[in-house]
S.K.: 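Take a look at this one; I'll ask things after.
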Amino acid sequence: MMSVVPDSANSELKTTFVAKMVLLVTLVGTIANAAMPNVLQASHDVGGLPDIGVSKLVLICAMLGMFRLLQTSNPADLLPSLLPAAIGAVTRSADAAWLGLAISMYILLKRDDLCSKARDGALILLAVGLHGPVVSMFGLFFGADILTFDAKIAAAVLSLTGTPVSASATSLSVKDGMDLVLVWRCGVLNNLSIALLLWYSATQFVLGRIPLQALTAAVLVIAVMVLANSLRIAAMALNSVYFEYLHDGQGATLLRIATMVCIAFIISKNLRRLAR
């Protein structure tokens, strides 16, 4: 026996589908517009602001947020809140596009009728949208202090091995080795912020909350990132061979992969424990 779907039900399904497509296209357009300048241009300083680039991990976090947000049961009602994101999709500023995304997500989070899964998605996308502008501004005001911290930690690592080394502000000098002057790209802030964004997004996606016990993983992520960056800087200061290998060579890629695998293990292990 065949069942006939009422026209009103078909119309509602079509409306929901179209609304979700508009929602998806708007979000993808905004994120693509924000990411594209850094993908096409490999500069590290734009208008005095450090260019933090866009990691594939940031885009993965954005995908997690969009997946959750699209699970809303009333996508058409969310569309008016996407106006700032839509404006961000056509601006010529990456920071403006990220902020447009963040503003739209903030507006959505003020809604009382937003379902829990969609709220998780909005929280993740809010963090994604704020990540670039916040880190850029943080680097502008505290970038030198962070690089000084990196230099001191690297010098401490070398001192533990008995290597004669001195650190002054953002520079590192090793006797019979290299004299390094740390720049924004050498600092830990960019990679650390991306790793913490991944921790937050994965935790919110899986658990729907950030319990106090999850902060243990965040602390471990910070420790791993600081240690990995300090070891890299310390090794580069030893001689020109290590510098070339770890600065732009295969060593830099291998260290980055090893660090990300370690961080992924920490996050997944913590989530499995908390999800029980």
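Note that the numbering runs from 1 along the sequence shown for the chain. These figures come from a predicted structure and were not determined experimentally. No hydrogens, no waters, no symmetry mates; every other heavy atom, side chains included, goes into these values.
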S.K.: Ile124, Leu196: one ILVMFWY side-chain cluster at the under-4.5 Å cut-off?
M.R.: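 Yes, one cluster joins them.
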S.K.: List the atom of Tyr242, the atom of Ala235, and the distance in Å for their closest heavy-atom pair.
M.R.: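 Heavy-atom minimum between the residues: CB-O, 3.2 Å.
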S.K.: Any side-chain heavy atom of His131 within less than 4.5 Å of one from Ile194?
M.R.: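 Yes, close enough: below the 4.5 Å cut-off.
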S.K.: Ignoring hydrogens and geometry, is there a side-chain-to-backbone donor-acceptor pair from Thr30 to Ala85 under 3.5 Å?
M.R.: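 Here the side-chain-to-backbone pair exists.
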S.K.: Between Ser93 and Thr91, is there a side-chain donor-acceptor contact under 3.5 Å, judged purely by atom types and distance?
M.R.: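 No, because no side-chain N or O of Thr91 sits under 3.5 Å from a partner of the opposite role on Ser93.
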S.K.: Which pairs pass salt bridge (Lys or Arg N to Asp or Glu O under 4.0 Å) with one or both residues in residues 227-254, sequence neighbours excluded?
M.R.: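 Sorted pair list: Arg185-Asp248.
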S.K.: Are Leu83 and Ser104 side-chain neighbours, meaning at least one heavy-atom pair lies under 4.5 Å?
M.R.: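 Answer no - side chains too far apart.
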S.K.: What is the minimum heavy-atom distance between Asn229 and Gly187, and which atoms define it?
M.R.: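 In terms of heavy atoms, the two residues are closest at ND2-C, 3.9 Å.
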S.K.: Does Ile107 belong to the same Ile/Leu/Val/Met/Phe/Trp/Tyr cluster as Ile31, with side-chain heavy atoms less than 4.5 Å apart forming each link?
M.R.: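 No, no single cluster joins them.
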S.K.: Would a 4.5 Å heavy-atom cut-off, applied to side chains only, mark Thr16 and Pro75 as touching?
M.R.: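 Yes, close enough: below the 4.5 Å cut-off.
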S.K.: Within the 4.5 Å heavy-atom criterion, are Met105 and Leu27 side-chain neighbours or not?
M.R.: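 SC-SC contact between Met105 and Leu27 confirmed.
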S.K.: If you look at every heavy atom in Leu197 and Ala127, which pair is closest and at what distance?
M.R.: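 Distance-wise, the nearest heavy atoms are CD1-CB, 3.7 Å.
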S.K.: Measure the shortest side-chain to side-chain distance between Leu108 and Leu69 over non-hydrogen atoms and say whether it is less than 4.5 angstrom.
M.R.: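 Yes, close enough: below the 4.5 Å cut-off.
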S.K.: For the residue pair Ala19 and Leu79, what are the closest heavy atoms and their distance?
M.R.: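 Looking at all heavy atoms of both residues, the closest pair is O-CD2, 3.8 Å.
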S.K.: Counting heavy atoms not belonging to Tyr245, are there more than 12 under 6.0 Å from its OH?
M.R.: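 Atom OH in Tyr245 is crowded, with more than 12 foreign heavy atoms closer than 6.0 Å.
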S.K.: May I have all residue pairs that pass side-chain hydrogen bond (donor to acceptor under 3.5 Å, both in side chains) and include part of residues 140-156, sequence neighbours excluded?
M.R.: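 Passing the test, one end in residues 140-156: no pairs.
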S.K.: Quick one: side-chain hydrogen bond (donor to acceptor under 3.5 Å, both in side chains) pairs with a partner in residues 68-86, sequence neighbours left out?
M.R.: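 Of all non-adjacent pairs touching residues 68-86, those that pass side-chain hydrogen bond (donor to acceptor under 3.5 Å, both in side chains) are Arg68-Gln71, Thr72-Asn74, Asn74-Asp77.
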S.K.: Parallel, tilted or perpendicular: which one describes the rings of Phe243 and His247, with boundaries at 30° and 60°?
M.R.: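 Ring orientation of Phe243 relative to His247: parallel.
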S.K.: If the condition is side-chain contact (heavy atoms from CB on, under 4.5 Å), which residues does Val165 pass it with, not counting sequence neighbours?
M.R.: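 Expected list: Ala155, Leu158, Ser159, Leu172, Val174.
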S.K.: Are side-chain heavy atoms of Leu57 and Ile60 found at a separation under 4.5 Å?
M.R.: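 Yes, their side chains come closer than 4.5 Å.
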S.K.: Do Met260 and Leu246 belong to the same hydrophobic cluster, where Ile, Leu, Val, Met, Phe, Trp and Tyr are linked whenever their side-chain heavy atoms lie under 4.5 Å apart, directly or via other members?
M.R.: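 No, it is not one cluster - the side chains of Met260 and Leu246 are not joined through contacts under 4.5 Å.
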S.K.: Give every residue pair that meets the side-chain hydrogen bond (donor to acceptor under 3.5 Å, both in side chains) criterion with at least one member in residues 114-129, sequence neighbours excluded.
M.R.: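 Applying side-chain hydrogen bond (donor to acceptor under 3.5 Å, both in side chains) to every pair that reaches into residues 114-129, excluding sequence neighbours, yields Asp120-Gln204.
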S.K.: So with a 6.0 Å cut-off around CD of Gln250, is the heavy-atom count from everything else above 12?
M.R.: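 Atom CD in Gln250 is not packed in, count stays at 12 or less.
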S.K.: If I compare all heavy atoms of Thr259 with all of Ala228, which pair ends up nearest, and what's the gap?
M.R.: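 In this case the closest contact between Thr259 and Ala228 is OG1-CB, 3.6 Å.
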S.K.: Taking the side chain as every heavy atom from C-beta outward, state whether Lys110 and Tyr106 have any pair of such atoms under 4.5 Å apart.
M.R.: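 They are in side-chain contact.
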S.K.: Measure across Ala102 and Leu130 and return the closest heavy-atom pair with its distance rounded to 0.1 Å.
M.R.: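 Shortest heavy-atom separation between Ala102 and Leu130 comes out as CB-CD2, 3.8 Å.
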S.K.: Met21 versus Leu24: any side-chain heavy-atom pair under 4.5 Å?
M.R.: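 Yes, their side chains come closer than 4.5 Å.
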S.K.: Can you sort out the partners of Arg111 under salt bridge (charged side-chain N to carboxylate O under 4.0 Å, His left out), two or more places apart, ordered by chain and number?
M.R.: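 So Arg111 forms a salt bridge (charged side-chain N to carboxylate O under 4.0 Å, His left out) with Asp113.
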S.K.: What's the separation between atom CG in Leu220 and atom CG in Leu215, rounded to the nearest 0.5 Å?
M.R.: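 Going from CG on Leu220 over to CG on Leu215, the span is 11.0 Å.
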S.K.: Tell me whether Trp98 contacts the main-chain N or O of Val134 through its side chain, where contact means a donor paired with an acceptor under 3.5 Å.
M.R.: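 No; judged by distance alone, with no hydrogens or angles, the pair does not exist.
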S.K.: Taking Leu255 as the starting point, is it possible to reach Phe265 by hopping between hydrophobic residues whose side chains are less than 4.5 Å apart?
M.R.: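 No, no single cluster joins them.
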